[in-house]
Amino acid sequence: MIQSKIAGTGFYVPDNVVTNDELSKLMDTNDAWIQERTGIQERRHIVKDSGDTPATMGAKAAEMAISRAGIDKSEVDFIIFATLSPDYYFPGGGVQVQDLLGIAEVGALDVRNQCSGFIYGLSVADVYIKSGMYKNVLVIGSENHSGGLDFTTRGRGVSVIFGDGAGAVLMQPTTEEGKGVLSTHLHSEGKYAKELALIGPSTLRWVPEILEANDPEDISYYPYMNGNFVFKHAVVRFEEVIREALDKNGYQASDIDLLVPHQANLRISQYIQKKMRLRDEQVINNIMKYGNTTAASVPIALNEAWETGRIKPGDLVCLAAFGSGFTWASALIRW
Ligand code: UT7
């Protein structure tokens, strides 16, 4: 039986490190608050006009994943690109990656599931590969948050959390018994769409009206997050969707070798870890260095886990995410 496996991982983050102290020069915040509430010490921000964009960063992460998979980029036969911050309103970033990598006219699909976007994308790649339709599928998560955040005190509840960067995997078929993606689990609850959303740039308002208003106080152009509300749902849904993946495959929490949670907030990861009685070595957290990079956070953390030897062949790896939509998702993988 054909299963899909992750054959290579990659990542790219902008060089520009922004510390909590630097943010406190822009708004009424401080290192102690940010670390205590989120665990974040620093994040990366794109330098304007540096050439880093979600598409270019995604392409760089993808190149690393392709080379680690040991294939030539000409062998990639499908691209899946997850982001909430595309370079353009349309077209999506997947076609830009196809162009930037200079590969043949393969299909490119954009996924708009925010923090869960990478796992949603991985689930699509999994099914394509299992069906025999494609053999070398790129799944990319990439974000430019910093260009769209309110760095005044008004926006501090959101702007200190998010960071920029990209992560990618190259997925391939395997016939090795019991190896690869064992199952994926996807959920949504659209009644909470507005609890974490960017409403301004939308078709609900007509462009001529917006241009005429030209209102610098229009905060609908900044993301809105009902932080406490999102937090309370996140801790419930993370655990649920991880347990769903374990139950489906007849495993228990103690069987997980590594949980790679979406890096939403260190407190959320720690809560899940405690609730599921996982040991420190069973969970990877790197939000301290990168902040919350939404669709990029799972592949960036997965890449770090692989690079630092925290994932070994045969390990049981669980990916899980929750975020805007609300959407939440998990994937259980035998590495
Ligand atoms: O990525 C996927 C989805 N996102 C998440 O999962 C994020 C979920 N939510 C969270 O991580 C947390 O709710 C936050 C980190 C966003 C906020 O933490 P919190 O402990 O829920 O704080 P809070 O919103 O209840 O705010 C507490 C206080 C408020 O002041 P008052 O009203 O108590 O005087 C805020 O105005 O902290 C204030 N505050 C800040 N103070 C310093 C809010 N942001 C800041 C800040 N610096 N950056």
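Both ligands and their constituent atoms are indexed starting at 1 by order of listing.
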Any non-hydrogen side-chain atom of Ile161 less than 4.5 Å from a side-chain atom of Ile40?
yes
In the protein, what heavy atom is nearest to atom 29 (C) of ligand 1, and what distance, to one decimal place, separates them?
Arg156 NH2, 4.9 Å
is_close_aromatic(Tyr271, Phe238), centroid dist under 6.0 Å
no
When you measure from the side chain of Arg237 to the backbone N and O of Thr327, does any donor-acceptor pair fall under 3.5 Å?
no
Could you check whether any side-chain heavy atom of Thr38 comes within less than 4.5 Å of a side-chain heavy atom of Arg267, counting everything from C-beta outward?
no
Side-chain heavy-atom pair Leu258, Ile284 within 4.5 angstrom cut-off:
yes
Between His262 and ligand 1, which residue portion shows a heavy-atom distance shorter than 4.0 Å: side chain, backbone, both, or neither?
side chain
Numbered atoms of ligand 1 (with element) below 4.0 Å of Phe322, judged on heavy atoms:
2 (C)
Element-labelled atoms of ligand 1 that are located less than 4.0 Å from some non-hydrogen atom of Gly227:
8 (C), 9 (N), 13 (O)
For the backbone of Ser142 and the side chain of Thr83, can you confirm whether one donor and one acceptor N or O come within less than 3.5 Å of each other?
yes
Would Glu143 and Ser85 count as having a side-chain donor-acceptor pair, cut-off 3.5 Å?
yes
Just to check, does Gln114 reach to within less than 4.0 Å of ligand 1 when the distance is taken from its heavy atoms?
no
Which atoms from ligand 1 have a heavy atom of Thr38 less than 4.0 Å away?
15 (C)
Asn292 neighbourhood, listing ligand 1 atoms whose heavy-atom distance to it stays under 4.0 Å:
1 (O), 2 (C)
Given Ser4, which of Thr174, Asp126, Thr184 fulfils the side chain to side chain donor-acceptor pair (under 3.5 Å) condition?
Asp126
Test of understanding: given a 4.0 Å heavy-atom threshold, classify the contact between Phe231 and ligand 1 as side chain, backbone, both, or neither.
both
Distance from atom 28 (C) of ligand 1 to nearest protein heavy atom, with residue and atom:
Trp33 NE1, 4.2 Å
Here's a test for you: under side-chain contact (heavy atoms from CB on, under 4.5 Å), which of Val137, Ile6, Asn136 qualifies with Leu170?
Asn136
Contacts of type side-chain contact (heavy atoms from CB on, under 4.5 Å), residue Ser220, not counting sequence neighbours:
Arg205, Asp218
Less than 4.0 Å from atom 36 (O) of ligand 1, is there any heavy atom belonging to the protein?
yes
Protein heavy atoms: any of them under 4.0 Å from atom 31 (P) of ligand 1?
no
min-distance protein heavy atom vs atom 10 (C) of ligand 1 -> Asn265 ND2, 3.6 Å
Considering only protein heavy atoms, which is closest to atom 5 (C) of ligand 1, and at what distance to one decimal place?
Val230 CG1, 3.6 Å
Under 3.5 Å, is there a donor-acceptor pair linking the side chains of His187 and Glu240?
no
Using a strict 4.0 Å cut-off to heavy atoms of Ala264, name the atoms of ligand 1 that fall inside it.
1 (O), 6 (O)
So, for atom 3 (C) of ligand 1, does the protein have a heavy atom nearer than 4.0 Å?
yes
Is the shortest N/O to N/O distance between Arg37 and ligand 1 below 3.5 Å?
yes
The answer for which part of Val158 has a heavy atom under 4.0 Å from ligand 1 is neither
What atoms of ligand 1 come within less than 4.0 Å of a heavy atom belonging to Asn228?
13 (O), 21 (O), 23 (P), 24 (O), 25 (O)
Atom 7 (C) of ligand 1: nearest protein contact (heavy atom, Å):
Met225 SD, 3.8 Å
For the aromatic rings, using the six-membered ring if either is Trp, is the centroid distance between His233 and Phe322 under 6.0 Å?
no
Stepwise, does the side chain to side chain donor-acceptor pair (under 3.5 Å) test hold for Asn286 with Glu304?
CA-CA 8 Å; Asn286 66 0; Glu304 181 167 319; 3.1 Å; yes
Test of understanding: given a 4.0 Å heavy-atom threshold, classify the contact between Thr294 and ligand 1 as side chain, backbone, both, or neither.
neither
What atoms of ligand 1 come closer than 4.0 angstrom to any heavy atom of Ile161?
15 (C), 16 (C)
I'd like to know if Met27 contacts ligand 1, where contact means a heavy-atom distance under 4.0 Å to any ligand atom.
no
Record the part of Val160 in heavy-atom contact with ligand 1 below 4.0 Å; permitted values are side chain, backbone, both and neither.
side chain
Determine whether the side chains of Thr294 and His145 contain a donor N or O and an acceptor N or O closer than 3.5 Å.
yes
In this structure, atom 47 (N) of ligand 1 is nearest to the protein heavy atom Thr29 OG1, 2.6 Å
Which atoms of ligand 1 have any heavy atom of Ile268 under 4.0 Å away?
6 (O)
Minimum side-chain heavy-atom gap Phe11-Glu307 below 4.5 Å:
yes
So is Ile34 touching ligand 1 or not, going by heavy atoms under 4.0 Å?
no
